[in-house]
Amino acid sequence: MWRLNKVRHKAGRLGGSLEEFKLKKREHEKALRQARRDRQLVSKRLLLNEDEDQPELAISICLSFPQDVVTLFHTLQHSGPEREAHLKALSKALHDPTAQLTFIKQENSMHLLVGLLTGSNASCRLQAVRCLHELSHSSHANVAPACLPATPYLLTYLSGQSTKFTELCLYTLGNLCPESDAVKEKLLAQGIIPALASCIENQRHNLAVVEAVGFTLSQLLQAKDAAAKIIPLVLASSLPSHLLSVLTPDPKFGLAPAIECAWCLHYLTCRVLLAQGALLKCSCLLVSLGAAVAEGNKEDGMELLICPLLRCMGNLLSSCPVENLSTEVGDIHVVVALCALLQAYLQSQPALARESAWVLNNLTAHSSALCSALLTLNLVPGLIQLLPFSQGINTMILRVLANIAHKKKEFCVQLAHLGLLSALYATLKMADQEMVTLSMDVLFMLVVSGPQVAEEFVKQGGLLLIEAIQYNSEGEIRRRATYLLEHHLVSYSSYSIQSK
């Protein structure tokens with residue numbers, strides 16, 4: 001059963017109990033992921049401190065005055081047995097935005113944290129990175145640059161600490177990435193790309209760490225200059241192959257790591273990924289997900305993985321040589337999966353349905369085999385039924401049907417027998433000019449495929465409809481209607497009069 005594995009999800013600030021505390025942050029994280037369906041989104045993550053089993057205490061400290069941060073800072077400058085406790089108190093106090101600014105303004109404050117981060121006391125190291133993690137979550141522009149002295153050590157610690165420590169380092173780095181060009185340039189110079197590659201290679205069986213690596217990398221890849229400065233470094237590393245390995249059809253692996261890595265692949269889409277089998281990997285996983293959805297399994301969070309997979313596959317198809325398409329895509333049942341996703345999310349998530357139709361369009365544009373599969377597997381009637389839907393879904397579906405019609409005259413005859421002519425009769429009356437233009441194109445291919453199709457269209461009153469379009473339309477639509485009448489339908493005019 002597909003599910004979104006709960007690998008120590010992040011916590012929110014407030015809540016009446018620890019469970020509410022966790023739940024609110026999970027809901028917030030899901031909302032952030034859902035927002036990425038329609039646009040790129042740089043977001044920050046805050047890891048739950050599982051030691052805080054008293055949320056009420058955390059909240060009261062969170063709302064304390066900045067003077068408490070100053071007191072804790074001065075106290076921490078002197079070693080003692082209570083240093084770990086003071087660091088815990090500081091990390092909680094740094095929940096407050098004002099306290100964050102107060103702390104970085106203290107002379108040598110970052111030097112103190114770096115000293116504790118690199119010290120011999122493992123507990124203090126953990127609490128020090130928690131403090132840095134809180135600071136990285138700040139919305140103030142001045143805080144991220146202040147954290148730069150700690151970043152070389154955060155990168156170094158990606159190679160051999162506990163899962164909890166590694167996660168904190170990764171999410172801290174991920175939060176810092178998008179803050180400014182200076183921070184990003186510094187992280188690139190310090191070797192964040194090879195560090196992430198080494199981390200995911202060493203921890204590839206650790207779901208929590210893999211998810212965190214995906215998040216941090218996706219933050220980097222959304223930079224405006226990523227194409228020039230970041231993507232070449234990523235492609236030259238081992239990261240692409242590791243990202244692809246996460247796209248497994250095994251539902252036990254969980255969705256969360258796959259979601260983050262799929263977004264990375266979406267931002268990376270290029271011929272290099274194609275050569276590494278990315279298209280086949282995406283296709284196989286979509287077949288698995290489509291089968292689950294067709295069986296009625298729409299687990300919470302599944303759509304968050306489907307969206308980046310669709311975008312990645314759709315973009316890769318535009319780079320795939322036509323002669324390699326069958327090999328790269330693999331199983332023709334991917335069209336079954338896409339149609340299942342289309343139907344399943346049509347009402348609840350129309351944007352996702354539109355993405356599915358877009359990939360189906362890209363698949364059928366250059367493949368007679370996949371067009372034939374849609375007909376053979378009896379998927380076309382379901383597509384025709386979607387033509388009345390708006391939100392860009394019907395135009396994309398009509399493009400898919402146009403791809404099928406364009407391939408062979410035999411396909412045109414089959415489409416007509418499946419009811420496409422009567423559907424076009426309805427779409428030609430739509431107010432959407434793009435739909436009317438596309439409908440004219442498809443109708444032209446059907447009519448020229450054989451006299452039986454043209455005759456059937458006229459029987460359905462099509463001649464009068466095209467004459468009305470010619471009379472009432474302007475520009476390209478009028479020219480197409482005129483050409484269709486004069487060259488392909490005029491010989492059926494007497495039949496139309498007799499059949500009234």
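Side-chain atoms of Lys281 do not come within 3.5 Å of backbone N or O of Ser245 as any donor-acceptor pair. Lys44 places a side-chain N or O within donor-acceptor distance of the main-chain N or O of Ser138, the cut-off being under 3.5 Å. In this structure, Asn361 contributes its side chain and Ala357 its backbone to no donor-acceptor pair below 3.5 Å. In this structure, Ser372 contributes its side chain and Ser368 its backbone to no donor-acceptor pair below 3.5 Å. With hydrogens and angles disregarded, no donor-acceptor distance shorter than 3.5 Å links the side chain of His140 to the backbone of Gln100. The closest donor-acceptor contact from the side chain of Thr216 to the backbone of Leu170 lies under 3.5 Å. The backbone N or O of Met435 lies less than 3.5 Å from a partner atom in the side chain of Ser439, making a donor-acceptor pair. Of the possible polar contacts, one joining the Thr172 side chain to the Leu168 backbone as a donor-acceptor pair under 3.5 Å is found. In this structure, Arg354 contributes its side chain and Gln391 its backbone to a donor-acceptor pair below 3.5 Å. A donor-acceptor pair is defined here as one N or O able to donate and one able to accept, closer than 3.5 Å; such a pair exists between the side chain of Ser449 and the backbone of Leu446.
Going from atom OG of Ser356 over to atom CG of Leu310 covers 4.5 Å, rounded to the nearest 0.5 Å. For the atom pair CD1 of Ile332 and CG of Leu377, the computed distance is 5.5 Å after rounding to the nearest 0.5 Å. Expressed to the nearest 0.5 Å, how far CG of Leu196 lies from OG of Ser238 amounts to 10.0 Å. Note: Ile404 CD1 to His406 NE2 = 13.0 Å, rounded to the nearest 0.5 Å. Between Ser180 atom OG and Leu148 atom CG the span is 7.0 Å, to the nearest 0.5 Å. Rounding to the nearest 0.5 Å gives a distance of 8.0 Å between CD1 of Ile230 and CD of Glu185.
The minimum heavy-atom distance linking Asn206 with Thr163 is given by the pair ND2-OG1, 2.7 Å. Taking every heavy atom of both residues into account, Cys264 and Gly214 meet most closely at SG-O, 3.2 Å. Contact between Val322 and His366 at its shortest, heavy atoms only, is CG1-O, 3.7 Å. Nearest heavy-atom pair, Asn175 versus Ser136, reported as atom, atom and distance to 0.1 Å: ND2-OG, 3.1 Å. The two residues Met302 and Ala292 make their nearest non-hydrogen contact at CE-CB, 4.4 Å. Considering every non-hydrogen atom in both Cys282 and Met313, the closest pair reads CB-CB, 4.2 Å.
With contacts defined as side-chain heavy-atom distances shorter than 4.5 Å, the pair Ile200/Val209 does not qualify. Leu342 places none of its side-chain heavy atoms less than 4.5 Å from the side chain of Leu338. The closest side-chain heavy-atom distance from Asn324 to Leu274 is not below 4.5 Å. Within the 4.5 Å cutoff, no side-chain heavy atoms of Leu239 are placed close to those of Leu268. Taking the side chain as every heavy atom from C-beta outward, Glu260 and Leu217 never approach each other to under 4.5 Å. Residues Asn202 and Leu158 fail the side-chain proximity criterion, which asks for heavy atoms closer than 4.5 Å. Using a 4.5 Å cut-off on side-chain heavy atoms (C-beta onward), Val448 and Cys412 make no contact. Side-chain contact between Val442 and Thr427 is absent, with no heavy atoms from C-beta onward closer than 4.5 Å.
Here Glu476 pairs with Arg480 in a salt bridge; the nearest charged N to carboxylate O distance falls below 4.0 Å. Salt bridge status for Arg45 with Glu167: absent, with no side-chain N to carboxylate O gap under 4.0 Å.
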For this session: Determine, step by step, whether Gln203 and Val210 satisfy the side chain to side chain contact (heavy atoms under 4.5 Å, CB included) criterion, reporting the C-alpha distance in whole Å, the side-chain angles of both residues, the deciding distance to 0.1 Å, and the verdict.
Result: CA-CA 7 Å; Gln203 305 265 9; Val210 171; 5.6 Å; no

For this session: List the steps and the verdict of side chain to side chain contact (heavy atoms under 4.5 Å, CB included) for Tyr171 and Gln219.
Result: CA-CA 10 Å; Tyr171 282 109; Gln219 295 283 86; over 6 Å; no

For this session: Would you please test Asn403 and Phe411 for side chain to side chain contact (heavy atoms under 4.5 Å, CB included) and show each step?
Result: CA-CA 10 Å; Asn403 291 338; Phe411 289 174; over 6 Å; no

Problem set entry | Check against side chain to side chain contact (heavy atoms under 4.5 Å, CB included), Leu316 and Glu328 | CA-CA 10 Å; Leu316 284 169; Glu328 294 289 350; over 6 Å; no

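Checking Gln460 against Glu456 by side-chain atom types alone, a donor-acceptor pair falls below 3.5 Å. Counting only N and O atoms by type, the side chains of Glu434 and Thr395 include no donor and acceptor under 3.5 Å apart.
Using the six-membered ring where Trp is involved, Phe165 and Tyr157 have ring planes that are perpendicular, over 60° apart on the 30 and 60° scheme.
A 6.0 Å sphere centred on OH of Tyr153 holds no more than 12 heavy atoms belonging to other residues, nucleotides or ligands.
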